[in-house]
There are 2 protein chains.
Amino acid sequence: MGRPIRTRRQATLASLAAELGVSRTTVSNAYNRPDQLSPELRKRVLDTARKLGYPGPDPVARSLRTRKAGAIGLLLTENLSYAFRDPAALGVLEGLALACEDAGVGLQLVPARPGEEDVATVHRAGVDGFVVYSVPDDDPHLNAVLQRPVPTVIIDQPVLSGVDRVAPDDAAAMTTLGYHLIELGHREIGVLCMRLSRDRNDGFASRVRQEKAHYHVQRTRLTTLAESFDAVGVDWSTVPVVERFEHTIDEGASAARQLLDANPQVTAIVCTSDILALGALNEVQRRGLRVPADITITGFDGIADAERAELTTVYQPVREKGRSAGKLLLDPTRRGQGNPMTQQVITLETELRIGKTSAPPRTAEQHWFGP
Amino acid sequence: MGRPIRTRRQATLASLAAELGVSRTTVSNAYNRPDQLSPELRKRVLDTARKLGYPGPDPVARSLRTRKAGAIGLLLTENLSYAFRDPAALGVLEGLALACEDAGVGLQLVPARPGEEDVATVHRAGVDGFVVYSVPDDDPHLNAVLQRPVPTVIIDQPVLSGVDRVAPDDAAAMTTLGYHLIELGHREIGVLCMRLSRDRNDGFASRVRQEKAHYHVQRTRLTTLAESFDAVGVDWSTVPVVERFEHTIDEGASAARQLLDANPQVTAIVCTSDILALGALNEVQRRGLRVPADITITGFDGIADAERAELTTVYQPVREKGRSAGKLLLDPTRRGQGNPMTQQVITLETELRIGKTSAPPRTAEQHWFGP
DNA sequence: AACATGTTCTGAACCGTTACGGTTCCTAGT
DNA sequence: ACTAGGAACCGTAACGGTTCAGAACATGTT
């Protein structure tokens, strides 16, 4: 298993051809089209290659010529710790990796730190396409990706015309969830949401901030929820929305604390993610409140931990999001697309999962809308 | 945010230079060495580039010329579902991604299915180096990686002379764990281990199979444990070792069932991973046995779920494994290494964590070795 | 014997860029 | 007036392959 001795100068396809006294074409064919030369010659080529320590055609040179890198890039404007710790992100990653595996294509994680304005890493990535996951619509890395002459698929956000996209119908899902709460009788609610923009704001988010959010998913969930409650006479301006920059259970707990300290009257806390909801659950229990008897808590995503906690939440098929995005990007019948004429948007089904964390408010008479 | 209209033929650096009436070098400099040309000219170049829809230097062509791909590859001969579900593997991945992020280098997941004999994906990956994680010593993909003229770092296994490696001292760790059990008084033990070779064997593993295992880590853990127990007079040939191909909690449970059905006398089950141990815990509880009163169970890895279960286990710093490997591979002072003279092996510390799943056997008198 | 049909191998163009080693021009110093 | 030195720019030669249109030769057909 010893690796070949590194020679002073690496052998190339050309030097191998010279050594053998054949053309470069023939050597190339020996590797790529065995049927184009006699088995004897092919064996001789391969044997000599081994002798000379020629490792086979250089992948980069090949990529240049064939205009195929054999890999796609994933742009994820987040610290990696997020990508690998958040179950929803992980699901997307897994699905995407699966699609790549099926296609025999590499998946390159492109480094792009949140604060980083240097987009050179995007320009330098030798990939045949990009999947962009959950970035704000004003991110410079996103712009750099769109500049590249390769197909791109966006997962979740942002929504851009002319760019393929895979996403659940957040609006419909949130409407369903909102009406679940409305039917239960909740009128005094509070909301915990994830980061709305690249600038940090750990605290209450004004209605203007909500509507100007650069994270499309958060914006949609909030505005949709607002519409549902507006429709039953709740003035959304009075609904407290607490924002957190970091997306962790502890931050969810602290957000819940901030919310309840200022608004002890709320009968339900709607969270735009399960992680935040799990944190809220912790904080609420710490305060000695019972769920759902004293307070209702809902999440979003349908991660495994949420199921374990029997959280009322909206399930979305995260693995399928990644997989669909990968398949769409790698679909051989669609290569080289990217203009508005052929834009494709895949909408995934979500499902309201009513767990044991939602119930009518303590003192409310029920409001029924059904037949 | 609209993307540029795709022209019939992509503009290149050369065509841009021609349009501007400057040399290609100048255009290249405009992008890569702004100090090499006047700001006015540079602006003119960049403006014209925008006008022509030139997306900047092609990454692949650049890589060919500079002999830098700007990415490293990760070879992981496993189904991706494993990589993303096993917390230990995930930790490694996270640490590695972190190191890449720090270096501004991409991380490419190279598709390499377990059964797949086609190693073309390895040959086609345009990367500056490889990290190999946990592959058997006879894997064809590994061989393909070693053929490539780029530096390689192996995490955990296999152990190859001349190839850099990052790994915990499995032998020392297992010895410590073994003596912990011996001191508690256990003499009738059973073992659950992960896959020993690429051929599937869900069941008991003979001593020969253990010693011939192609997965070095498993082999080391088993043989080390064997030595410890041999030293106190336990004939290892009588110790049942149950192997599982898939590494899941459920498989751990089924392995434990198989072990206990055939060997109800064992007082301790040593598992070579926490996942297996958690499965064993489930099975043992299903049988109505109490842990640790009736039976002792130990794991290996120190994953979060193990801590939650208060499992007696060996903690190893998985994130650090990935990080160290990345740093070692990307260390600019060591580029282009790979011969035996400079081989580097980084050994990481492990720690025996005694939880609440290990205790003296029911009927045993204690055997103390300490002072 | 003439011709079609394969098989096997070759020559040259091309992929898009950057490294290298200049040349040219301008300014400041003497 | 002459020159040293730096700034700005350029021409050429790689980088290491793949591809396509044939050439050369052997084989089968009529």
Side-chain angles (χ1 to χ4, degrees), chain A residues 7 9-46 48-49 52-70 120 123-128 148-150, chain B residues 7 9-46 48-49 52-70 120 123-128 148-150:
Chain A
T7 45
R9 189 81 196 71
Q10 266 301 320
T12 70
L13 184 144
S15 69
L16 178 54
E19 171 83 16
L20 283 158
V22 302
S23 79
R24 309 212 306 283
T25 304
T26 300
V27 178
S28 177
N29 283 339
Y31 284 95
N32 304 316
R33 306 168 174 190
D35 58 313
Q36 294 294 303
L37 72 175
S38 65
E40 304 77 49
L41 179 54
R42 174 156 197 260
K43 181 172 178 342
R44 200 156 67 85
V45 171
L46 266 30
T48 311
L52 262 56
Y54 175 64
D58 180 284
V60 175
R62 164 185 279 153
S63 290
L64 174 60
R65 184 63 241 237
T66 60
R67 316 219 47 72
K68 284 253 140 292
H123 286 131
R124 281 189 187 336
V127 295
D128 299 324
R148 292 277 305 264
V150 294
Chain B
T7 45
R9 188 80 195 73
Q10 267 301 321
T12 71
L13 185 143
S15 70
L16 178 54
E19 170 84 16
L20 283 158
V22 301
S23 84
R24 306 211 293 280
T25 303
T26 300
V27 177
S28 176
N29 284 337
Y31 285 96
N32 304 315
R33 306 164 169 190
D35 58 312
Q36 295 292 303
L37 73 175
S38 64
E40 302 79 48
L41 178 55
R42 175 155 196 260
K43 182 173 178 339
R44 200 155 68 85
V45 171
L46 265 32
T48 311
L52 261 57
Y54 175 63
D58 180 286
V60 175
R62 164 185 279 153
S63 289
L64 174 60
R65 184 61 238 223
T66 60
R67 316 216 46 69
K68 284 254 138 291
H123 286 132
R124 276 177 157 53
V127 295
D128 299 324
R148 291 277 305 263
V150 294

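All chains are named by letter (A, B, ...) in the order of the sequence lines, taking the proteins before the strands, and each is independently numbered beginning at 1.
When distances are taken from the side chain of A/Ser28 to each of C/dC9, D/dT19, D/dT12, the shortest belongs to D/dT19. Closest contact between the side chain of B/Leu64 and the listed nucleotides D/dG17, D/dC15, C/dC9 involves D/dC15.
With rounding to the nearest 0.5 angstrom, the CG atom of A/Leu64 is 5.5 Å from the CG atom of B/Leu64. Here the OG1 atom belonging to B/Thr26 is positioned 10.0 Å from the CD atom belonging to B/Gln36, to the nearest 0.5 angstrom. Atom OG of B/Ser23 sits about 7.5 Å away from atom CG of B/Asn29, to the nearest 0.5 Å. Within the model, atoms CZ of A/Arg148 and CG of B/Asp58 stand 7.5 Å from one another, a figure rounded to the nearest 0.5 Å.
Spacing between atom NE2 of A/His123 and atom P of C/dT17 amounts to 13 Å, rounded to whole angstrom units. Taking atom CG of residue A/Leu37 and atom C1' of nucleotide C/dG6, one finds them 16 Å apart after rounding to whole Å. Atom OH in B/Tyr54 sits roughly 8 Å away from atom C1' in C/dG16 (whole-Å rounding). Atom CG of A/Asp35 and atom P of C/dG6 are 15 Å apart (whole Å). The distance between atom CZ of B/Arg33 and atom P of D/dC10, rounded to the nearest whole Å, is 15 Å. In this structure, A/Asp58 places its CG atom 9 Å from P of D/dT18, rounding to the nearest Å. Whole-Å rounding puts the A/Asn29 CG to D/dC20 P distance at 11 Å. Taking atom OH on B/Tyr31 and atom P on C/dT18, their separation rounds to 10 Å, with Å as the unit.
In this structure, the helix from C/dA1-D/dT30 to C/dT30-D/dA1 shows an angle of 40° between the axis at its start and the axis at its end, each fitted on 5 base pairs and rounded to 10°.
Not a single donor-acceptor pair under 3.5 Å links the side chain of A/Ser15 to the backbone N or O of A/Ala11. Checked by atom type and distance alone, the side chain of A/Arg124 never pairs as donor or acceptor with a backbone atom of B/Pro59 at under 3.5 Å.
Residue contacts shown for B/Thr25 include a base, since a base heavy atom lies under 4.0 Å away. In this structure, B/Val22 reaches the sugar-phosphate backbone alone: every heavy-atom distance under 4.0 Å involves primed, P, OP1 or OP2 atoms, never a base. At a threshold of 4.0 angstrom between heavy atoms, the contacts of A/Asn32 are confined to the sugar-phosphate backbone, with no base atom among them.
Checking A/Thr66 against B/Gln36, the closest nucleotide of DNA chain D that is more toward the 5' end is the one next to B/Gln36.
Look at B/Arg62 and you'll find a side-chain N or O under 4.0 angstrom from OP1 or OP2 of C/dT18. Contact annotation: A/Ser23 does not reach the phosphate of C/dC9 (side-chain N/O to OP1 or OP2, under 4.0 Å).
Evaluation of atom-type donor-acceptor distances gives a pair under 3.5 Å for the side chain of B/Arg65 against the base of C/dT18. With hydrogens and angles left out, the side chain of A/Arg24 and the base of D/dG17 share a donor-acceptor pair within 3.5 Å. Checked by distance alone, A/Thr12 brings no side-chain donor or acceptor within 3.5 Å of a matching partner on the base of D/dG17.
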Please evaluate residues A/Ser28 and A/Thr25 with respect to the criterion side chain to side chain donor-acceptor pair (under 3.5 Å), reporting the C-alpha separation (whole Å), side-chain torsions for both, the decisive distance (0.1 Å), and the verdict.
CA-CA 5 Å; A/Ser28 177; A/Thr25 304; over 6 Å; no
As a quick check of understanding, evaluate side chain to side chain contact (heavy atoms under 4.5 Å, CB included) for B/Arg24 and B/Val27, giving each step before the final call.
CA-CA 5 Å; B/Arg24 306 211 293 280; B/Val27 177; 5.7 Å; no
